[in-house]
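Read the structure below first, then the notes.
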Amino acid sequence: GLTVSLEPLSGPLRAGLEVFAQYSYRRISGAGDNRTWFHSFDVPRVHAAVEGEWERARGRVVLEAVRSAAEGSLVGVAGDSLVLRVREAYAAYRLLPTLEASAGVVPTLTVPNVDGTWMMRPVAPSGLEANGLLAPADLGAKIRFDEPNGYGWIATAAYNGDGYASRELNRGKNVESAVELHPFAWHAGARPFGLFASWVSGSTGSSLARANRLTTGLVWQASRLRAGAVFTHAWGVAQLGTQRAILVSGFVRFEPVPRVLAGARLDHAVREVGDPADAITTIWVAGGYRIALPIE
């Protein structure tokens, strides 16, 4: 795979581009002689972003390329073309230098923080997103406070609850609150260590199925070493408000020598707490090389 991420770091108007291009080969072995293989070229992720800032106001739009047909379908728009949809589109205003409010299609609080800690989204989405427990963005509003000395942040938000890819299907709104603490921010060597926790209370779908989520975790967010361990307990999965699921994820990303990247992740998802056999464990091992600062 090849990842290109371009985004200037200064100026009142910034443009960003993120492209994941890959070739994949998969070999599947089943019982007996049931073996098959498949290979393809793919572009699983494309983001084009524009962000503008003036004094205390800020706006951001992110377009995302996706296949027009849903999983299991063969025909979408113009065959099964890659089409653009809105991933983020929000306006923000700094009420104070450390306090910002935003509204629109906003990034949620938990999934972006997990992805932003591991920083290996080209390998796989977070377990929360992959298992349909939480979305990375939604329609709503949020407010966030960043402690000026680097001791962490706290935020709360209200969303429709069905994710940025779906319209609202019920009258209930989801409320998400999250906090990340860096208790040793005063010490340069221990500053990357953090404690993270979030709570989502809400519903999903036309049936108002319960969708509560409790997530806790430990993170290490240094420049050359990033790691974390995250635990999530979900009350309600998809349209089943009585189903409970658990997700445990541990990950690490490090740069042993300049430009050489290595990473690993383990996800253990129990899809029904009452049935421990209904579980999936997935392990990723990844390596990469940074050709230049924006190309990996």
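For reference, positions follow the sequence shown, starting with 1.
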Between [X] and [Y], is there a donor-acceptor pair closer than 3.5 Å when you use the side chain of the first and the backbone of the second?
X	Y	answer
R60	G52	no
R213	G236	yes
E255	R259	yes
R14	V50	no
R191	A185	yes
D162	T204	no
N113	L109	no
R226	G116	yes
W118	V252	yes
E147	G150	yes

Return the minimal non-hydrogen interatomic distance between [X] and [Y], and the atom names on each side.
X	Y	result
A165	R85	CB-NH1, 3.7 Å
A245	V273	N-CG2, 3.9 Å
A238	A209	O-CB, 3.9 Å
L208	G172	CD2-N, 4.2 Å
G163	L139	O-CD1, 4.3 Å
S102	Y90	CB-CD1, 3.9 Å

Under a single-linkage definition using a 4.5 Å side-chain heavy-atom cutoff for Ile, Leu, Val, Met, Phe, Trp and Tyr, are [X] and [Y] assigned to the same hydrophobic cluster?
X	Y	value
L225	V257	no
Y289	M120	no
V66	L84	no
V111	W284	yes
L128	V123	yes

Check whether any side-chain heavy atom of [X] lies under 4.5 Å from a side-chain heavy atom of [Y], and answer yes or no.
X	Y	answer
F20	V43	no
L214	N212	no
F196	T215	yes
L247	L133	yes
S40	S24	yes
K173	N160	yes
V237	L240	no
V114	F251	yes

If we count only N and O atoms by modelled type, under 3.5 Å, do the side chains of [X] and [Y] hold a donor and an acceptor together?
X	Y	result
T108	D138	no
T282	D267	no
Y159	E176	yes
S198	T110	yes
R244	H233	yes

>> Angle between ring planes, H39 versus Y23, binned at 30° and 60°: parallel, tilted or perpendicular?
In response: perpendicular

>> I'd like to check the side-chain contact (heavy atoms from CB on, under 4.5 Å) partners of W186; sequence neighbours left out, ordered by chain and number.
In response: Y151, F184

Value rounded to 0.5 Å, distance of [atom1] in [X] from [atom2] in [Y]:
X	Y	atom1	atom2	value
E129	R121	CD	CZ	5.0 Å
T156	I143	OG1	CD1	9.0 Å
R26	F38	CZ	CZ	8.5 Å

> Which one of R94, R144, R58, K142 satisfies the side chain to side chain donor-acceptor pair (under 3.5 Å) criterion with E100?
Replying inline: R58

>> Can you confirm if the NZ or CZ of R27 lies within 45° of the ring axis of W37 and under 6.0 Å from the centre of its six-membered ring?
In response: no

> Quick one: is the NZ or CZ of R87 closer than 6.0 Å to the six-membered ring centre of Y164, and within 45° of its axis?
Replying inline: yes

>> Between R253 and E296, does any side-chain N to carboxylate O distance fall below 4.0 Å?
In response: yes

